[in-house]
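First the structure, in the form of structure tokens, and then the observations on it.
Hydrogens, waters and symmetry mates are skipped; everything else that's a heavy atom, side chains included, is used.
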Amino acid sequence: MKKRLAALFCALAIFCALVLPAWGSSGSTVYLLAVNDKFYDGYRPVAINGVIYIPYTVFDRNATGVDLGVYYGITPEQGNILSLYALSGMLTFRVSMGTCEDNLGNQMNFHAVPRNGIPYVPAAAVCDFFGLQYSFLPTTDRGTLIRITNASASMEDGFFLSSAKGAMLHRYNQVIQSQNPQPTAPAATATPSPTATPTPSASPGGKGNVRVFLGVEAYQTDQDLTDFYSYSSNIHALFLFTPDSLPSHASAVRRAVAAGHSIGLVVEGSLEDAQAQLEQGNELLSHIARINTHIVSAPLELVGSLESGGWICWQPNVMGGDLIAGLDSKRSVGYVNAPTSSVAISRFLSQVTAAGYDLRRPLETELR
């Protein structure tokens, strides 16, 4: 009996030694990040000694497209000091010293850490200080989502996880592939052959100097386009809707926002008609997804008046026909009326990524 118990314990010890380290290793969990109703595709959260840290850029509305009401300032000349501040108070992180204090001079029991060349801050502690909601959302198939929200978030955590599934899964798979690169096959020994004349590239030097923004007239289809345009974590589009189409496309709007896309309005008629439509559209957007937009697609004769009123007008310079040929003619910026059918989307995105264009996220600050 004793021999059997000893053998059982020995087998159990071997099992734990082989399996438990894999479960408990720091690299076993993939952490992803969302801000309000948008999936964030910048630097990912990290876990350090059981504490989740997030990049300070989460509080940069130009980077996330979300205004959390918390802002930041950095003074590298003083040893990389990061300040996060809101009307409710301020936190000052002296990153190199590993300290943090509030605006009253109280020392906090947490600090920032440098990662990827920038400061990371403890997510739960910072959220608690500024009255933000911190959610830790593990999934079975796409890692653990860290979600930071304020009162402007329109989706509950469960609904957001469902809406952002496509974007999360793609990003998760990218991370897994980067952590487990495919082994390179050893070069086979072969008889040297004559050197072939190199074939000229279709786009010499690549197209990285051409910025490309994608706009999608999403109101013209009932198909969910968010999964197609989340083909890569670096591909985001401007989803355009007419105000009248918003009620019937409410789910599409929420999915697009959750996947990190931008929303714009399409208007027509006289200036007075357009202004009324824009007011109606933003009122509907505030109910549907708790957002407003300043991006509009309007007739050319209205562009000047709308821009002088603070609107950002979407004016595509590539549309219809051969989109790649149209892009190839651009020297600096391409504003593309992108396709809305699944086959055309897949073909176009494959071509535009292969050509190496600088695909930009169509944030309001980028389109100004």
Side-chain angles (χ1 to χ4, degrees), residues 35-38 40 57-73 85-87 150-154 211-220 236-247 249-250 252-254 256-319 330 332-338 358-368:
V35 187
N36 273 6
D37 299 324
K38 289 192 174 184
Y40 181 58
T57 47
V58 166
F59 305 103
D60 180 359
R61 60 182 174 183
N62 293 324
T64 64
V66 177
D67 186 355
L68 287 173
V70 179
Y71 307 97
Y72 72 96
Y85 52 90
L87 292 176
N150 62 9
S152 297
S154 64
R211 291 177 294 144
V212 175
F213 298 93
L214 305 180
V216 184
E217 294 179 334
Y219 67 95
Q220 293 191 349
H236 290 92
L238 169 66
F239 277 57
L240 294 160
F241 298 90
T242 62
D244 288 344
S245 72
L246 287 172
H249 287 79
V253 171
R254 285 191 287 265
V257 170
H261 301 293
S262 299
I263 303 295
L265 295 170
V266 179
V267 298
E268 57 184 10
S270 66
L271 178 60
E272 291 75 15
D273 290 340
Q275 290 171 332
Q277 292 168 48
L278 290 170
E279 184 177 352
Q280 175 199 6
N282 267 331
E283 184 176 354
L284 288 168
L285 285 174
S286 68
H287 290 295
I288 292 169
R290 299 288 180 87
I291 63 168
N292 282 322
T293 184
H294 293 92
I295 306 175
V296 58
S297 173
L300 186 59
E301 62 270 18
L302 300 183
V303 168
S305 299
L306 290 173
E307 287 184 338
S308 64
W311 292 93
I312 304 160
C313 290
W314 170 254
Q315 296 178 272
N317 57 9
V318 179
M319 64 188 83
K330 303 304 171 188
S332 57
V333 184
Y335 300 99
V336 184
N337 254 13
D358 181 11
L359 288 164
R360 295 293 188 97
R361 191 172 179 178
L363 299 172
E364 293 181 3
T365 50
E366 287 273 357
L367 295 176
R368 285 191 183 276

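Residues that satisfy the side-chain hydrogen bond (donor to acceptor under 3.5 Å, both in side chains) test with R254, not counting sequence neighbours, are absent from this structure. For Y85, there are no side-chain hydrogen bond (donor to acceptor under 3.5 Å, both in side chains) partners two or more places apart in sequence or in a different chain. Take S270 and apply the side-chain contact (heavy atoms from CB on, under 4.5 Å) test, not counting sequence neighbours, and it matches E272, D273. By the ring-ring contact (aromatic ring centres under 6.0 Å, His included) test, F241 is found to be paired with H249, residues two or more places apart in sequence or in another chain being considered. Residues satisfying the side-chain contact (heavy atoms from CB on, under 4.5 Å) criterion with Q280, sequence neighbours excluded, are P243, D244, L284. Remark: L87 pairs with no residue by the side-chain contact (heavy atoms from CB on, under 4.5 Å) rule, at least two apart or across chains. In this view, Y72 and Y56 satisfy the ring-ring contact (aromatic ring centres under 6.0 Å, His included) rule, not counting sequence neighbours. By the ring-ring contact (aromatic ring centres under 6.0 Å, His included) test, F213 is found to be paired with Y335, residues two or more places apart in sequence or in another chain being considered. Qualifying salt bridge (Lys or Arg N to Asp or Glu O under 4.0 Å) partners for D60, counting only residues two or more places apart in sequence or in other chains: none. Taking D358 as the reference, R360 meet the side-chain hydrogen bond (donor to acceptor under 3.5 Å, both in side chains) condition, with sequence neighbours excluded. Every side-chain contact (heavy atoms from CB on, under 4.5 Å) that P299 has, sequence neighbours left out, goes to E301, L302. For the side-chain hydrogen bond (donor to acceptor under 3.5 Å, both in side chains) test, residues two or more places apart in sequence or in another chain that qualify with E217 are Q220.
Annotation: the span from D67 atom CG to S152 atom OG amounts to 7.5 Å, rounded to 0.5 Å. Distance check, rounded to the nearest 0.5 Å: CG of L271 to OG of S305 gives 5.0 Å. To the nearest 0.5 Å, atom CD1 of residue I295 and atom OG of residue S262 are 5.0 Å apart. In this structure, CD on E307 lies 13.5 Å from NE2 on H294, to the nearest 0.5 angstrom.
With hydrogens and angles ignored, the 3.5 Å screen pairs a side-chain donor or acceptor of T293 with a backbone N or O of I263. A side-chain donor-acceptor contact under 3.5 Å links H261 to the backbone of A237.
Between the side chains of Y40 and N36, no donor-acceptor pair of N or O atoms lies under 3.5 Å.
When all heavy atoms are compared, the tightest approach of L265 to L240 is N-CD2, 4.2 Å.
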